[in-house]
Amino acid sequence: MENGKQGGNSLADEVLTVVAVIPRGKVATYGQIADLAGHPGASRSVGRALQTGHHRADFPRHRVVNSSGRTAPGWGAQRDLLEAEGVTFKENGCVDMAKHAWSGPSGT
DNA sequence: AGACTGACGATCC
DNA sequence: GGGATCGCCAGTC
């Protein structure tokens, strides 16, 4: 059951899969990814999974922001990457979640 | 095996 | 609405 999409993957591995399905020009929160990954509440581990688990260079990890729409600290390039995809930022430096909040894999 | 840390979230002021 | 504090989960040392 459970088809062959997964197979005993750890949180980090599923997180990568979830983030990979985020459409361009959209952004998702760590909590949302954690939930989709099957680990609700593990938002903290999600961030670490992306930080330490940077496997692919084409991986859209810059589409992952916190609940405030804030980009990752110490990562100034994230904002530039999102703007390049059409994502707009506010003066306070937060992503316009009101327009770019990802609805999930079912809300494409 | 155990303890600390951390790219967060929610709640309180 | 913004800022600060506590709590939760899993990974890394």
Side-chain angles (χ1 to χ4, degrees):
Chain A
M1 321 359 212
E2 270 37 272
N3 62 75
K5 184 182 115 190
Q6 49 156 271
N9 302 344
S10 36
L11 184 152
D13 198 55
E14 300 214 23
V15 167
L16 299 173
T17 305
V18 176
V19 177
V21 293
I22 301 175
R24 175 178 168 288
K26 291 271 190 160
V27 292
T29 66
Y30 295 93
Q32 178 151 17
I33 292 167
D35 179 67
L36 295 171
H39 295 263
S43 52
R44 306 194 62 114
S45 302
V46 173
R48 191 135 7 171
L50 289 167
Q51 181 183 51
T52 62
H54 48 87
H55 300 272
R56 303 177 63 94
D58 59 295
F59 193 76
R61 62 157 131 155
H62 56 263
R63 290 181 192 153
V64 188
V65 298
N66 63 28
S67 59
S68 303
R70 224 4 202 179
T71 46
W75 194 13
Q78 184 172 19
R79 178 170 173 168
D80 186 67
L81 291 164
L82 290 170
E83 290 185 299
E85 298 196 335
V87 178
T88 54
F89 278 73
K90 300 170 99 175
E91 291 73 52
N92 50 330
C94 296
V95 178
D96 198 333
M97 301 297 286
K99 298 179 185 176
H100 305 289
W102 186 39
S103 304
S106 302
T108 29

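All figures in this text were calculated on a predicted structure; none of them were measured in a lab. Per chain, numbering begins at 1; letters A, B, ... match sequence-line order.
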**Student:** For chain A and DNA chain B, what are the first and last nucleotides along the strand, 5' to 3', with at least one atom under 4.0 angstrom from a heavy atom of the protein chain?
**Tutor:**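 Boundary nucleotides touching chain A, in 5' to 3' order, are B/dT5 to B/dG9.
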**Student:** Of all residues at least two apart in sequence or in a different chain, which pass the side-chain hydrogen bond (donor to acceptor under 3.5 Å, both in side chains) check with A/Thr88?
**Tutor:**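 A/Thr88 satisfies side-chain hydrogen bond (donor to acceptor under 3.5 Å, both in side chains) with A/His100 once adjacent residues are dropped.
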**Student:** In residues 65-89 of chain A, what residues come within less than 4.0 Å of DNA chain C, judged by heavy atoms?
**Tutor:**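 Correct list: empty, so none.
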**Student:** Using the test salt bridge (Lys or Arg N to Asp or Glu O under 4.0 Å), find all partners of A/Arg61 that sit at least two apart in sequence or belong to another chain.
**Tutor:**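 For A/Arg61 there are no salt bridge (Lys or Arg N to Asp or Glu O under 4.0 Å) partners, ignoring immediate neighbours.
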**Student:** Can you list the residues that meet the side-chain contact (heavy atoms from CB on, under 4.5 Å) rule with A/Ser67, with sequence neighbours excluded?
**Tutor:**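 side-chain contact (heavy atoms from CB on, under 4.5 Å) list for A/Ser67, sorted by chain: empty.
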**Student:** Identify every side-chain donor-acceptor pair in residues 72-84 of chain A under 3.5 Å, counting partners at least two apart or on other chains, and give the distances.
**Tutor:**
residue	atom	partner	partner atom	Å
A/Gln78	OE1	A/Ala72	N	2.7
A/Gln78	NE2	A/His62	O	2.9
A/Gln78	NE2	A/Val64	O	2.9

**Student:** Look for any protein N or O under 3.5 Å of an N or O in nucleotides 1-3 of chain C and output each such pair with its distance, or none.
**Tutor:**
none

**Student:** For A/Asp35, check side-chain contact (heavy atoms from CB on, under 4.5 Å) against everything at least two apart and list the hits.
**Tutor:**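 So A/Asp35 forms a side-chain contact (heavy atoms from CB on, under 4.5 Å) with A/Pro40.
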**Student:** Mind checking what makes salt bridge (Lys or Arg N to Asp or Glu O under 4.0 Å) contact with A/Asp96, not counting sequence neighbours?
**Tutor:**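 Scan of A/Asp96 (salt bridge (Lys or Arg N to Asp or Glu O under 4.0 Å), adjacent residues dropped) gives A/Lys99.
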**Student:** A/Asn92: which residues meet the side-chain contact (heavy atoms from CB on, under 4.5 Å) condition with it, sequence neighbours left out?
**Tutor:**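 Listed in chain order: A/Lys90, A/Cys94.
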**Student:** To check you understand the geometry: which heavy-atom pair defines the closest contact between A/Ala42 and A/Ala34, and what is its length?
**Tutor:**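 That closest heavy-atom pairing would be C-CB, 3.8 Å.
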**Student:** Check A/Pro23 against A/Trp102 and note the closest heavy-atom contact, atom names and distance.
**Tutor:**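 The answer is CD-NE1, 3.1 Å.
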**Student:** I need the full list of salt bridge (charged side-chain N to carboxylate O under 4.0 Å, His left out) pairs touching residues 62-74 of chain A, with sequence neighbours left out, sorted by first then second residue.
**Tutor:**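 Residue pairs passing salt bridge (charged side-chain N to carboxylate O under 4.0 Å, His left out), neighbours aside: A/Arg63-A/Glu85.
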**Student:** Please give me the minimum heavy-atom distance between A/Val15 and A/Phe59, naming the atom from each residue.
**Tutor:**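 Looks like O-CZ, 4.5 Å.
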**Student:** Of the non-hydrogen atoms in A/Thr17 and A/Asp13, which two are nearest, and what is the gap between them?
**Tutor:**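 Where A/Thr17 meets A/Asp13 most closely, the heavy atoms are OG1-O, 3.1 Å.
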**Student:** If a protein heavy atom is under 4.0 Å from the base, mark B; if only from the sugar-phosphate, S; if neither, -; do that for nucleotides 4-13 of chain C going 5' to 3'.
**Tutor:** ---BBBBBS-
